[in-house]
Amino acid sequence: MIEEQFRQLVGSSPEVVARAPGRVNLIGEHTDYNDGFVLPAAIDRYIEFAGRRRSDRLVRVYSIDFRDQTEFSLDALQKDTAHTWSNYLRGVSKLLEADGHRLRGADIVFGGDVPREAGLSSSAAVEVAAAVFWQNLLKLELDPVYVIKLARKAENEFVGVPCGIMDQFVSALGRQNHALFLDCRDLTYRHVPLRASVKIVVCNSGVKRAVVQSEYEVRLKQCRQAVAQIATTGLAVKTLRDVAPADLGTARSALNGLLLRRARHVVTENQRTLEAVKVLGEGDLVRFGELMNASHESLRDDYEVSSKELDTLVELARQQPGVLGARMTGAGFGGCTVNLVLAEAAAAFTENVRKGYQEALGMKAEIYVCRASDGALAA
Ligand code: GLA
């Protein structure tokens, strides 16, 4: 428990605790930075913060997971290259101060069980938990969407990772037993109930996503390039969100083969996500699973962000009884797959996929049967 760890490390009790969950995306991949649609769920794995105020402007912070500690002054907030794990907290703190929220020095301990570099958004969880921690400690009145945007800005501008808004959004506003349907253009959202008869099973390929950031940036640029070229045909497009499936014929005349494939993934993924939300509402989980499968094919063939390990996990999953759909989840190039599995089949699924992965690639897959959970700011 984080309170107990705080007591051991700091020698007194924390004044406040805060926690934020990781996430898994059910469908709507690489659409958020194209103003599109996503359907993630917060999972029951968390980053927790505990802390108490100090009388000065010093922040002394311990990471349980890195077994490391560092400190910084709120008056000289800079990126730390030696304790990179502290940059999420530094970034969030710096942005709050820049917005006029006067922070106080604090002793802080944080840690959790969201696997790192596995595509389950441990960094978004740290950012959101850090913001909610300051909010609780100093009784700041912050609007949830403000917290979400600030957390993302910390990642984009301070840490330097150009992510979209999905991860921070669902880590803050996910809801127990629901997925969160988000329109990344206007940030309207709706919680969609998940049935107890199915489980969300996450398979961790064990491959840390080494090339993910550089390849992510390449995809981001390709999407912008595709938009600029589609606009030359006279179609009114600001982002790929504005391209309808029927426009792909026109788009084809302006794009080379590679950009057409990238654009086609985003356009069709948006359609799949809209349909997925509709069929989930109707209880048609079979169709939902088909859409997940089609999403994987599109990410593999058109967007080219899958990997041998992810494809192997998906193929193994689809051979198991009771599996409705299987796909890679998150940015890709490693990390995890997400599987929709009938509840009664989940135990055998876990066993068989673990064994199959070991046999096929000689690698160990960690498998988590997840529960869709409340975000840090769930009402
Ligand atoms: C990462 C980013 C998200 C999103 C996904 C791909 O998780 O942080 O913003 O772009 O990749 O869907």
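Just so it is clear, the model here is predicted, and its values are computed rather than measured. Values reported hereafter were calculated over all heavy atoms of this structure, with side chains retained and with hydrogens, waters and symmetry mates removed. Counting convention: from 1, in listed order, for ligands and their atoms alike.
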Please check if any side-chain donor atom of Asp113 sits under 3.5 Å from a side-chain acceptor atom of Tyr46, or the reverse.
-> no

N/O to N/O below 3.5 Å, does that happen between Ser121 and ligand 1?
-> no

Charged N-O contact under 4.0 Å between Glu275 and Arg287 = yes

Contact (N/O only, under 3.5 Å) between Thr31 and ligand 1 = no

Asn34, Asp183, Asn270, Thr31 screened by side-chain hydrogen bond (donor to acceptor under 3.5 Å, both in side chains) with Arg241, the one that passes = Asp183

Identify, by atom number and element, the atoms of ligand 1 in contact range of Cys163, meaning under 4.0 Å from any of its heavy atoms.
-> 2 (C), 8 (O), 9 (O)

Proximity to ligand 1 by part of Gln168, non-hydrogen separation under 4.0 Å | neither

Which ligand 1 atoms are under 4.0 Å away from a heavy-atom of Arg23?
-> 7 (O)

Looking only at protein heavy atoms, what sits closest to atom 3 (C) of ligand 1 is Asp32 OD2, 3.3 Å

Do Tyr189 and Phe181 pass the side-chain contact (heavy atoms from CB on, under 4.5 Å) test, and can you show the C-alpha distance, the side-chain angles, and the key distance before you say yes or no?
-> CA-CA 5 Å; Tyr189 65 98; Phe181 172 50; over 6 Å; no

Establish, from distance only, whether the side-chain atoms of Asp65 and Ser63 form a donor-acceptor pair under 3.5 Å.
-> no

In plain terms, say whether Arg185 and Asp242 are close enough for a salt bridge, that is, a side-chain N and a carboxylate O under 4.0 Å apart.
-> yes

List every atom of ligand 1 that sits less than 4.0 Å from any heavy atom of Tyr33, numbering the atoms from 1 in the order shown and giving each element.
-> 10 (O)

Heavy-atom nearest neighbour in the protein, as seen from atom 5 (C) of ligand 1, with distance rounded to 0.1 Å | Met166 CE, 3.8 Å

What is the nearest protein non-hydrogen atom to atom 8 (O) of ligand 1, stated with its residue, atom name and distance?
-> Asp167 OD2, 2.6 Å

Do Asn293 and Arg318 have side-chain atoms, one donor and one acceptor, less than 3.5 Å apart?
-> yes

Do any heavy atoms of Glu269 fall under 4.0 Å from ligand 1?
-> no

Answer yes or no: does an N/O atom from Gly164 fall short of 3.5 Å to an N/O atom of ligand 1?
-> yes

Passing option when His83 is tested against Asn87, Thr81, Asp80 for side-chain hydrogen bond (donor to acceptor under 3.5 Å, both in side chains) | Asp80

